[in-house]
Number of protein chains: 2
Amino acid sequence: MEDEVDRLVAAWRRERPDLDVEPLEVLSRVSRLARHLDRARRTAFAEHGLEPWEFDVLTALRRAGTPYQLSPGQLLTQTLVTSGTMTNRIDRLTGKGLVKRLPDPDDRRGVLVRLTDDGRDRADQALAGLLAHERELLAQLTSGQQTELAALLRQLVAPFDNIPG
Amino acid sequence: MEDEVDRLVAAWRRERPDLDVEPLEVLSRVSRLARHLDRARRTAFAEHGLEPWEFDVLTALRRAGTPYQLSPGQLLTQTLVTSGTMTNRIDRLTGKGLVKRLPDPDDRRGVLVRLTDDGRDRADQALAGLLAHERELLAQLTSGQQTELAALLRQLVAPFDNIPG
DNA sequence: CGCAGGTATCTCGACATCAAGATATCTCGG
DNA sequence: CCGAGATATCTTGATGTCGAGATACCTGCG
């Protein structure tokens, strides 16, 4: 089946036959797919009254395990946003009663963000919902293809995740 | 090489052993890679004095071929943004002299957005720069792996691109 | 021909994000 | 123990995006 990127690449080959646009076959698809995923996620989370950014923060805390707390700095590296954004997110989640800020006992500059019971429940429910939706999207691929795809993507992401940048 | 998603999946398996989080192996990597790509693209375009969103619009017009013009509606579907956003983008690109708005001779509701000569040159230069950067990122993979990856991604994107949504 | 519904674009207000800088605190060499 | 530089978080101002609604125009049925 043809997709938008096939049309995009064909157009470039026609307009700029002098260029090798092969990289777009992979990377434009990654960008476009991510865009579509964002929309699908937004829909999935709406069923649980959460925004995507709320999910990102709550699940980062949930994954940390008891007592479900992390510093804003740790949340930054997991969510790939800037510190100003994270401050704002924590403020709003605090306002909704899903997390609370505690002083870090070992560092007076620091803060610990902890999930409330309500926040934990919401995160658990939304995760289950998300996985159900994502499984549908992936039904296009066999289990073997999914594994293969994951491995190829890992090779591309690893440099970003391991060399600080 | 391990990446952030490996750690994420391991954390979920520890915290929620009852859930099958396999879908994250693919889709979380797509989202995270897209995020990293956005940053890399921003850097690449800065060398040519362009923002990513400017590049998206200018190259859509460039790909259309002579006379390098499309309606705002056509630009919407290619760039996956809303109409309010596109109006705003066209305004700003017009202000920078990279595109201009012309009335559609066949539909008085309509408008045609056309690339200026300067806009065309900027698009061409930025594209060449982008491809160079992207080729480096893809050096992680053999040519065969790139083809394979592109094919797998196509299967996932195609439903979005072909079933209107 | 006239009107109902559809379509193309723009307007407007709310909001999330970012970048850069401010503030408070920590760390460690001297 | 002091001060320089690093670190953690928050503040601020600008900006881009979205969503819903407004406006103008087109199309086709009756």
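Worth saying up front: this structure is predicted, and the values here are computed from it rather than measured. Note on naming: letters A, B, ... go to the chains in the order of the sequence lines (proteins, then strands), and numbering restarts at 1 for each one.
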In whole Å, I'd like the distance from the [atom1] atom of [X] to the [atom2] atom of [N].
{"X": "A:L75", "N": "D:dA8", "atom1": "CG", "atom2": "P", "result": "13 Å"}
{"X": "B:L93", "N": "D:dT17", "atom1": "CG", "atom2": "P", "result": "10 Å"}
{"X": "A:R108", "N": "C:dT23", "atom1": "CZ", "atom2": "C1'", "result": "15 Å"}
{"X": "B:K96", "N": "D:dT15", "atom1": "NZ", "atom2": "P", "result": "12 Å"}
{"X": "A:D104", "N": "C:dA24", "atom1": "CG", "atom2": "P", "result": "18 Å"}

Problem set entry | Passing candidate, side-chain contact (heavy atoms from CB on, under 4.5 Å) with A:P72, options A:L112, A:V57, A:V113 |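 It is A:V113, the one option of A:L112, A:V57, A:V113 that forms the side-chain contact (heavy atoms from CB on, under 4.5 Å) with A:P72.
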
Problem set entry | Positive for side-chain contact (heavy atoms from CB on, under 4.5 Å) with A:V99, one of A:T94, A:L75, A:L70 |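 It is A:T94, the one option of A:T94, A:L75, A:L70 that forms the side-chain contact (heavy atoms from CB on, under 4.5 Å) with A:V99.
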
For this session: Please say which of A:H48, A:R89, A:K96 ends up in a side chain to side chain donor-acceptor pair (under 3.5 Å) with A:E54.
Result: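 For A:E54, the side chain to side chain donor-acceptor pair (under 3.5 Å) check succeeds only for A:K96.
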
Problem set entry | Close side-chain approach of A:L141 to B:Q155, heavy-atom, < 4.5 Å |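 A side-chain contact under 4.5 Å exists here.
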
Problem set entry | Any B:L127 side-chain heavy atom under 4.5 Å of B:R62 side chain |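 Counting from C-beta outward, B:L127 and B:R62 never come under 4.5 Å.
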
For this session: Using a cut-off of strictly less than 4.0 Å between a heavy atom of the residue and any atom of DNA chain D, enumerate the qualifying residues of residues 56-68 of chain B by number.
Result: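 By residue number: none to list.
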
For this session: Identify the two heavy atoms, one from B:G97 and one from B:D118, that lie closest to each other, and give their separation to 0.1 Å.
Result: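 Heavy atoms of B:G97 and B:D118 come nearest at O-CB, 4.4 Å.
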
Exercise. Can you name the nearest heavy-atom pair linking A:L137 to A:Q140, along with the distance?
Worked result: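 Looking at all heavy atoms of both residues, the closest pair is O-CG, 3.4 Å.
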
Exercise. Among all residues two or more places apart in sequence or in another chain, which pass the side chain to side chain donor-acceptor pair (under 3.5 Å) test with B:T82?
Worked result: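 B:T82 satisfies side chain to side chain donor-acceptor pair (under 3.5 Å) with B:T85 once adjacent residues are dropped.
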
Exercise. Which parts of nucleotides 8-17 of chain C does protein reach within less than 4.0 Å, heavy atoms only, written one letter per nucleotide 5' to 3' as B for base, S for sugar-phosphate only and - for none?
Worked result: SSBB----SB

